[in-house]
Amino acid sequence: MHRRNFIRLIGGGIVVAATMPVSGCSLSSDFPDQAVEAWKGPQNETDPRRRALAYAITAPNPHNLQPWLVDLREDGVITVFTDRTRVLPQTDPFGRQILIGHGAFIELLVLAAAAQGNAAEVALWPQGEFGADLKDWDQRPIARITLKPGGLNDPLFAQVLKRHTPKSNYSVSRPVSGDALHALMASVTDKAVRVGGTVNQPDLPPLRELCWQSAQVELLTPRTVMESIHLTRVGPTEILKHRDGISINSPMVRALDAIGQFDRSAPPTEGSQAYKAMMGRFEGHSQTAMGFVWLSGKNRRIDQINAGRAYLRLQLKATELGLGVHPMSQALQEFPEMAPYYARAHQLLINRPAPTSPEEETVQMFCRLGYSDKPAPATPRRPLTSFVRV
């Protein structure tokens, strides 16, 4: 059998084995302990900045790139930069999603500092915002965060080390209640970030279809699906080496990789079993969505950071509620082939045309809601030392 018929990657971090039933596929069979040690919280860290950072590195971020760098050389200050080698030029050509990941990191850092009795004063873009394109990004800091005594613990902090993103089909027999949706939406406290959502059955079919159609665009555009394939880590050796990206540790995939039957050089061939399994997996995610929630606001760099901060709060509240929140943001990606679905997303979600300037309302996050039958696994994180500039 051609190696491409064994296994294939799905955009957005989902992996399927084409020789297995889709329902039996798994992303992992427990990752190596060292790869997920960050989820134990800070270990023997006495500097309050490093203790807060030990929590912050668990923040959700696109493709688990963990694109954060920090400088601690100024006493009492954490200066946040972006790692320009950890971006997604094909699916995120303007870096919007990467900066949303930075916003989640900053919000988690603020919550962790407050839990230790420290207030975090966040100054975004102290030397000015990045340009509009990834190629314009430079070494300027994203944020300068000063810790001072007086922080108040936020109840959502209790969910930080429990928070994981469920990337599986949701139960179609468990509806999401309006009360759960309202509690979730109320977790967003930044008035500059608009939050919308629905669990009404008549609203779901067009939104499910938007997810599925836009996913197909990413999966069937070779350069965008290969961006995910190149970030795939298979087996304990690769997972421990990288501790980022899309990790797979299932016995079947490891066995195939060991005998050279795991192909990461090209997308699956249309009509192959791998192709059918890949598409079926993502169609299942789309069609089992039992509700949706989305965030919108202006589209300046500061707004992208603030959207990420709001999204982190959504995820923590969802963890408290036992509710799954999984980004389905393919339709919000800004590469040319996605343009019709980008426009459709804005029409369906905020009832306006696609924005043409950063000052216009833009959908920043679009997520499906539901309940998973199995708990989501913790994802690998690099060690704290790899984020700190010295």
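In this chain, numbering begins with 1 at the start of the sequence shown.
Counting only heavy atoms from C-beta outward, the side chains of Val80 and Phe105 approach each other to under 4.5 Å. Side-chain contact between Trp125 and Pro141 is absent, with no heavy-atom pair separated by less than 4.5 Å. Taking the side chain as every heavy atom from C-beta outward, Thr79 and Ile142 never approach each other to under 4.5 Å. The shortest distance between side-chain heavy atoms of Val176 and Tyr170 does not fall below 4.5 Å. Within the 4.5 Å cutoff, the side chain of Ile57 has no heavy atoms near those of the Gln66 side chain. Between Leu332 and Ser214, the closest side-chain pair of non-hydrogen atoms is not below 4.5 Å. Contact check for His285 versus Met328: side-chain heavy atoms found under the 4.5 Å cut-off. Considering only heavy atoms from C-beta on, Phe335 comes within 4.5 Å of Val217 through its side chain.
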Quiz item: Would Glu37 and Arg381 satisfy side-chain contact (heavy atoms from CB on, under 4.5 Å), going step by step from the backbone distance to the final call?
Solution: CA-CA 8 Å; Glu37 63 185 355; Arg381 288 296 189 275; over 6 Å; no
Quiz prompt | Intermediate values then yes/no, side-chain contact (heavy atoms from CB on, under 4.5 Å), Trp294 and Gln364 | solution = CA-CA 7 Å; Trp294 53 89; Gln364 298 287 355; over 6 Å; no
Exercise. Please lay out, stage by stage, how Arg51 and Gln116 fare under the test side-chain contact (heavy atoms from CB on, under 4.5 Å).
Key: CA-CA 9 Å; Arg51 286 186 61 82; Gln116 301 176 70; 3.5 Å; yes
Quiz item: Can you check side-chain contact (heavy atoms from CB on, under 4.5 Å) on Leu109 and Val122, steps first, answer last?
Solution: CA-CA 10 Å; Leu109 177 57; Val122 180; over 6 Å; no
Exercise. Starting from the C-alpha separation in whole Å, work towards a yes-or-no answer on ring pair (Phe, Tyr, Trp, His ring centres under 6.0 Å) for His164 and Trp39.
Key: CA-CA 10 Å; His164 308 302; Trp39 296 95; 4.5 Å; yes
Self-check item: Derivation and outcome, salt bridge (Lys or Arg N to Asp or Glu O under 4.0 Å), residues Glu337 and Arg223
Solution: CA-CA 11 Å; Glu337 293 87 342; Arg223 73 181 187 284; 2.7 Å; yes
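At a cut-off of 3.5 Å, with distance as the only test, no side-chain donor of Arg84 or Thr82 sits close to an acceptor on the other residue. For the residue pair Gln213/Glu209, the side-chain donor-acceptor check at 3.5 Å is satisfied. In the model, Gln90 has no side-chain atom that pairs as donor or acceptor with a side-chain atom of Thr224 under 3.5 Å. Side chain to side chain, Gln315 and Thr319 fail the donor-acceptor criterion of an N or O pair below 3.5 Å. Side-chain contact, Thr198 with Asp203: a donor N or O sits under 3.5 Å from an acceptor N or O. With 3.5 Å as the limit, one finds no donor-acceptor pair spanning the side chains of Asp179 and Ser177. Checking Gln304 against Arg96 by side-chain atom types alone, no donor-acceptor pair falls below 3.5 Å. Between the side chains of Asn299 and Glu361, no donor N or O sits under 3.5 Å from an acceptor N or O. A donor-acceptor contact under 3.5 angstrom links the side chains of His326 and Arg368, judged on distance only.
Taken to the nearest 0.5 Å, the CG atom of Leu108 stands 10.5 Å off from the CG atom of Leu53. Here CD of Gln333 is found 13.0 Å from OH of Tyr341. Values are rounded to the nearest 0.5 Å. The distance from atom CG of Leu312 to atom CD1 of Ile106, rounded to the nearest 0.5 Å, is 10.5 Å. Here the CG atom belonging to Leu65 is positioned 9.5 Å from the CG atom belonging to Asp92, to the nearest 0.5 angstrom. Note: Asn306 CG to Glu107 CD = 9.0 Å, rounded to the nearest 0.5 Å. For the atom pair CG of Asp190 and CG of Leu295, the computed distance is 10.0 Å after rounding to the nearest 0.5 Å.
Using a 4.5 Å cut-off between side-chain heavy atoms of Ile, Leu, Val, Met, Phe, Trp and Tyr, with links allowed through other members, Phe292 and Leu314 fall into different hydrophobic clusters.
Side chain of Arg264 to main chain of Thr232: a donor-acceptor pair is present (N/O by atom type, distance under 3.5 Å, no hydrogens or angles). Judged by distance alone, with hydrogens and angles left aside, the side-chain atoms of Arg389 form no donor-acceptor pair with the main-chain N or O of Leu69 at under 3.5 Å. Panel note: side chain Gln43, backbone Gly41; a donor-acceptor pair is recorded below 3.5 Å. Looking at Glu283, its side chain never comes within 3.5 Å of a backbone N or O of Met279 through a donor-acceptor pair. Side chain of Arg243 to backbone of Gln34: a donor-acceptor contact under 3.5 angstrom is found. Looking only at distances, a side-chain donor or acceptor of Arg49 sits under 3.5 Å from a matching main-chain atom of Leu72. In this structure, Arg163 contributes its side chain and Thr58 its backbone to a donor-acceptor pair below 3.5 Å. At least one donor-acceptor pair closer than 3.5 Å links the side chain of Asp303 to the backbone N or O of Arg300. With hydrogens and angles disregarded, no donor-acceptor distance shorter than 3.5 Å links the side chain of His102 to the backbone of Gly308. Between the side chain of Arg344 and the backbone N or O of Leu210 there is no donor-acceptor pair closer than 3.5 Å.
Atom CG of Asp33 is surrounded by 12 or fewer heavy atoms from other residues, nucleotides or ligands within 6.0 Å.
For the pair Arg233 and Asp244, the salt-bridge criterion is met [side-chain N within less than 4.0 Å of a carboxylate O]. Contact check on Arg86 versus Asp83 returns a salt bridge, with a Lys/Arg side-chain nitrogen under 4.0 Å from an Asp/Glu carboxylate oxygen. Using a cut-off of 4.0 Å between Lys/Arg side-chain N and Asp/Glu carboxylate O, Glu45 and Arg50 are scored as salt-bridged. Ion pair Arg144/Glu121 not flagged as a salt bridge, since none of the NZ, NE, NH1 or NH2 atoms sits closer than 4.0 Å to an Asp/Glu carboxylate oxygen. Salt bridge Glu320/Lys317: present, at least one basic N to carboxylate O contact under 4.0 Å.
Seen from the ring of Tyr371, Arg174 counts as a face-on cation partner, given the 6.0 Å and 45° thresholds. No cation-pi contact links Arg140 to Phe130, judged by a cut-off of 6.0 Å to the six-membered ring centre and 45° from its axis.
When all heavy atoms are compared, the tightest approach of Pro327 to Cys367 is CA-SG, 3.8 Å. Nearest heavy-atom pair across Gly101 and Pro62 is CA-CD, 4.2 Å.
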